[in-house]
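Lettering of chains follows the sequences in order, A, B, ..., and the numbering in each one begins at 1.
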Amino acid sequence: MTSTTVPVQPRTSIGKFLVQGGTTIALLALIVFFFAMRPDVFLTFTNVRNILFQVSILAIVAGAQTLVMVVGDFDLSLAATSSLSGAVVASLMLGGMPLAPAILIGLIVGLLIGIGNGLLVAYLNLSAFVATLATMTSVIGLAYLVTQGTTLFNLPPGFNALGQGRLLNVPLPVYIAILIGVILWAVLRFTTTGRKWYAIGGNVEVSRLSGINVRRGRLMAFAAAGLISAIAGILLAARLGSGSAVQGSDNLLFSVAAVFLGMTVIKSGQANLVGTMVGVAIIGVMSNGLNILGVNSYVQQVVTGLIIIAAVTLSSLKTRER
Amino acid sequence: MRRRTTAFAAIVAVAAMALAGCSSSGGGGGDTGGGSGSDDPFKVIAFTSGNQTPIGAWWVKAVQAKADENGWDLTMIQGDFDFQKMNPQVESAIGQGADAIFDGFTDYASIGSIITAAKDADIPIFAMDSGTEATDGFVVNITTNQQKLVDSTLGALDESLGGLKGKNIMVIGHDPHPGIRLRASLAEKDLKAAGAVIAGGEIQKVKSPATGRTEALAIVADYLTAHPDGLDAVWVGWDDAALGASKAIDEAGSDAKVTGSDATSEAIAAIQAGGSFLATINQPWPEVLDTVTDDIIAFQKDGTMPKENFIAVDTTLVDKDNAADITPSDKL
């Protein structure tokens with residue numbers, strides 16, 4: 001009987017871990033480069049806080065994307081789901097609903113979309129690409145219906161504080177992103193559910209023969225991703241003080257890029273939370289660093305793609321050497 | 001086999017006759033309107049790619065109301081910024097015949113195939129805010145005067161900052177939108193002429209309107225981190241991105257001022273709140289719609305064409321003094 005590939009992360013020192021993959025090297029190289037270019041600015045508390053604030057929402061969406069990619073699928077509707085959840089919460093609060101139930105309903109919206117995706121992929125056997133693409137299309141339409149194509153604003157200060165408030169001079173979304181990241185990491189690393197998800201992503205058939213309920217596992221991964229992306233969308237609405245149908249739409253592409261970058265961090269090449277956060281850090285550091293250097297945004301776009309290719313290529317070369 | 005061939009030939013013949021019937025009954029434009037005196041209702045094809053924006057959504061409803069009011073047979077096509085989807089739909093409608101075409105907020109550069117199809121069918125295109133310069137493709141295009149818009153916003157900054165000379169002013173634009181592209185370049189030119197320093201050395205370009213607010217927020221936040229006292233103002237080509245810039249300035253505790261354009265309700269509220277958002281621009285779209293509608297009615301009546309094919313109307317600066325009197329563009 002063939003065994004499933006459950007990635008057992010090697011117990012290496014932090015130093016060895018950091019130099020293990022090209023992606024990590026790329027991140028360190030970027031930090032050193034930008035620090036060398038602007039030593040007076042780049043690693044200051046204010047700027048590091050800036051970077052963390054700017055990537056906190058992306059980190060949450062990328063964490064959700066990681067879960068789905070661990071089971072071997074991906075979800076194109078996550079950014080749209082997050083926008084819809086934020087818009088729903090904004091709309092409900094503007095309609096007079098108190099903060100807590102509005103947020104709860106926003107989370108339920110995300111969860112339901114995730115469950116819908118899971119049912120389509122796991123139980124109706126649609127390809128994740130087709131199913132989530134279709135869901136994304138409908139969800140964007142729903143978001144336009146909820147917002148009537150406008151930007152919803154004048155949200156309660158208590159809600160805005162979730163995205164704009166600070167604790168020890170660090171924005172709240174940073175703490176929330178770290179908390180969610182740690183929870184997801186622990187779920188993937190230490191729980192039976194996480195192990196099952198990795199087993200499903202490694203080999204569906206072997207997982208099934210091993211007694212794992214593959215369908216339920218995939219459904220749970222999509223449902224969790226929908227719920228987590230809803231948290232991201234609600235936080236984004238609070239951070240901007242407004243909700244619209246398309247805000248945060250770039251998080252889809254960047255979340256997939258972050259997970260792919262992160263897959264190069266560990267030997268097994270599977271999606272993993274720590275790697276995803278390294279990928280998120282690369283995207284955030286690069287955007288911030290290039291802004292500080294005053295690089296044209298079109299050039300930034302080109303450079304971002306090239307850096308991702310370089311990091312993945314470097315990692316691939318290292319793998320071949322082994 | 002012979003029976004199949006005969007059946008296939010019969011189907012082709014029937015289809016060809018049906019198509020011929022369709023084309024002879026509806027093909028070619030301008031046969032029922034333009035003062036022809038026909039009893040058929042005046043057929044208008046209206047289209048916009050910007051129906052998902054607040055102003056575009058207002059335009060769709062407003063044109064439908066105008067059509068009801070004037071008894072037009074209206075075909076409304078909404079493009080969702082997808083020209084690959086919208087253009088063939090409009091061309092197909094043109095193929096079925098119409099008397100006039102009404103373009104709302106869709107730049108002529110994106111609808112070359114529609115302009116060609118309309119010319120071939122001899123159907124005039126009336127437009128509003130569909131390009132920043134005259135084109136033979138439209139019998140009229142009424143838009144706003146971009147130079148005066150820039151003059152107003154820079155004037156507000158000049159007054160607020162006590163002069164522009166030597167001031168560090170960032171310009172944020174978005175190239176794919178022709179109006180924003182033009183006014184951003186005019187603002188950059190005029191600021192340089194006034195002796196201001198363009199922060200970042202050039203126009204800062206937002207890549208996507210969908211993420212304009214977060215992109216502008218990151219650009220300004222990062223700039224202020226690198227140059228804590230290096231920003232006196234941010235001139236932004238549209239309100240959504242201006243709100244992002246304003247948030248970055250407020251969060252950084254900077255005294256810099258921001259101007260936008262569009263007069264959205266959120267921008268007007270920010271101006272009234274008295275933070276960094278100094279002013280925006282109100283563009284008179286309801287009045288422009290009335291004028292273009294009058295042009296279409298004149299053509300419907302006796303074939304009269306507009307005298308000019310490009311008109312740029314004045315805009316209104318919205319600041320703290322008059323903000324309460326302005327109808328926001330997303331509440332039209």
Side-chain angles (χ1 to χ4, degrees), chain A residues 34 37-38 40-42 44-51 53-55 57-58 79 83 137 140-141 143-144 147-154 160 163-164 166 171 236 239-242 244-251 253-254 284 287-301, chain B residues 50-58 60 80-81 170 172-175 198-228 239-240 243-244 246-248 250-252 264-270 273 328-331:
Chain A
F34 288 125
M37 296 299 288
R38 290 300 302 267
D40 55 326
V41 173
F42 188 69
T44 60
F45 171 75
T46 305
N47 195 49
V48 172
R49 185 183 62 193
N50 251 358
I51 296 172
F53 199 9
Q54 286 168 11
V55 300
I57 308 288
L58 171 63
S83 300
T137 308
I140 290 172
Y144 275 114
T147 60
Q148 293 293 304
T150 63
T151 301
L152 306 174
F153 68 105
N154 269 342
N160 289 344
Q164 299 170 27
R166 292 184 179 184
L236 181 60
R239 195 263 177 275
L240 297 177
S242 63
S244 84
V246 288
Q247 70 188 19
S249 55
D250 54 346
N251 284 334
L253 201 62
F254 285 133
S287 170
N288 172 269
L290 292 173
N291 272 344
I292 283 175
L293 296 184
V295 175
N296 179 298
S297 64
Y298 298 163
V299 177
Q300 285 189 34
Q301 182 108 1
Chain B
N51 52 288
Q52 292 178 342
T53 66
I55 295 173
W58 159 80
V60 169
D80 305 330
F81 290 116
M170 181 180 283
I172 297 180
H174 174 59
D175 283 347
I198 303 298
E202 60 180 2
I203 297 171
Q204 304 300 306
K205 289 161 181 171
V206 162
K207 296 185 286 288
S208 166
T211 53
R213 191 177 304 205
T214 46
E215 281 191 58
L217 197 160
I219 289 169
V220 176
D222 290 344
Y223 187 86
L224 280 171
T225 306
H227 313 86
D239 278 349
D240 192 52
L243 286 158
S246 174
K247 185 167 283 296
D250 293 341
E251 287 178 354
T264 63
S265 43
E266 195 174 0
I268 290 174
S329 58
D330 50 340
K331 303 288 182 195

Separation between OG1 of A:Thr151 and CG of B:Asp239, rounded to the nearest 0.5 Å: 10.0 Å
Per-residue contact mode, A:Leu152 against chain B (heavy atom under 4.5 angstrom): neither
Side chain / backbone / both / neither for A:Asn50 at chain B, heavy atoms under 4.5 Å: side chain
Largest heavy-atom contact set with chain B, pairs under 4.5 Å, which of A:Leu240, A:Ile292, A:Asn47: A:Leu240
Rounded distance (nearest 0.5 Å) linking atom OG1 of B:Thr214 with atom CG of A:Asp250: 5.5 Å
Region of A:Phe53 in contact with chain B, defined by heavy-atom distances below 4.5 Å: side chain
From CA spacing to verdict: side chain to side chain contact (heavy atoms under 4.5 Å, CB included), A:Asn291, B:Thr225: CA-CA 10 Å; A:Asn291 272 344; B:Thr225 306; over 6 Å; no
Segment of B:Ala269 engaging chain A (4.5 angstrom heavy-atom cut-off): side chain
Carboxylate-amine/guanidinium proximity below 4.0 Å for B:Glu251 and A:Arg239: yes
Residue part contacting chain B, namely of A:Arg49, when any heavy atom lies under 4.5 Å: neither
Contacting region of B:Leu217 [heavy-atom separation from chain A under 4.5 Å]: side chain
Closest contact, heavy atoms only, B:Glu266 versus A:Gly241: OE2-O, 4.3 Å
Residue selection (most heavy-atom pairs with chain A, distance under 4.5 Å) from B:Ser208, B:Gly200, B:Ala218: B:Ala218
Rounded distance (nearest 0.5 Å) linking atom CG of A:Asn288 with atom CG of B:Asp222: 4.0 Å
Engaged part of A:Gln300 at the chain B interface, taking heavy atoms whose separation is under 4.5 Å: neither
Side chain proximity check, B:Asp175 to A:Tyr298, heavy atoms < 4.5 angstrom: yes
Minimum heavy-atom distance A:Ser297-B:Lys205, with the two atoms named: OG-O, 2.5 Å
Residues B:Thr211, A:Gln247; criterion side chain to side chain contact (heavy atoms under 4.5 Å, CB included); working and verdict: CA-CA 6 Å; B:Thr211 53; A:Gln247 70 188 19; over 6 Å; no
Residue pair B:Arg213 / A:Ser242: nearest heavy atoms and the distance that separates them: NH1-OG, 2.9 Å
Among the listed options A:Leu293, A:Thr147, A:Asn296, A:Thr46, the residue most often paired with chain B at heavy-atom distances under 4.5 Å: A:Asn296
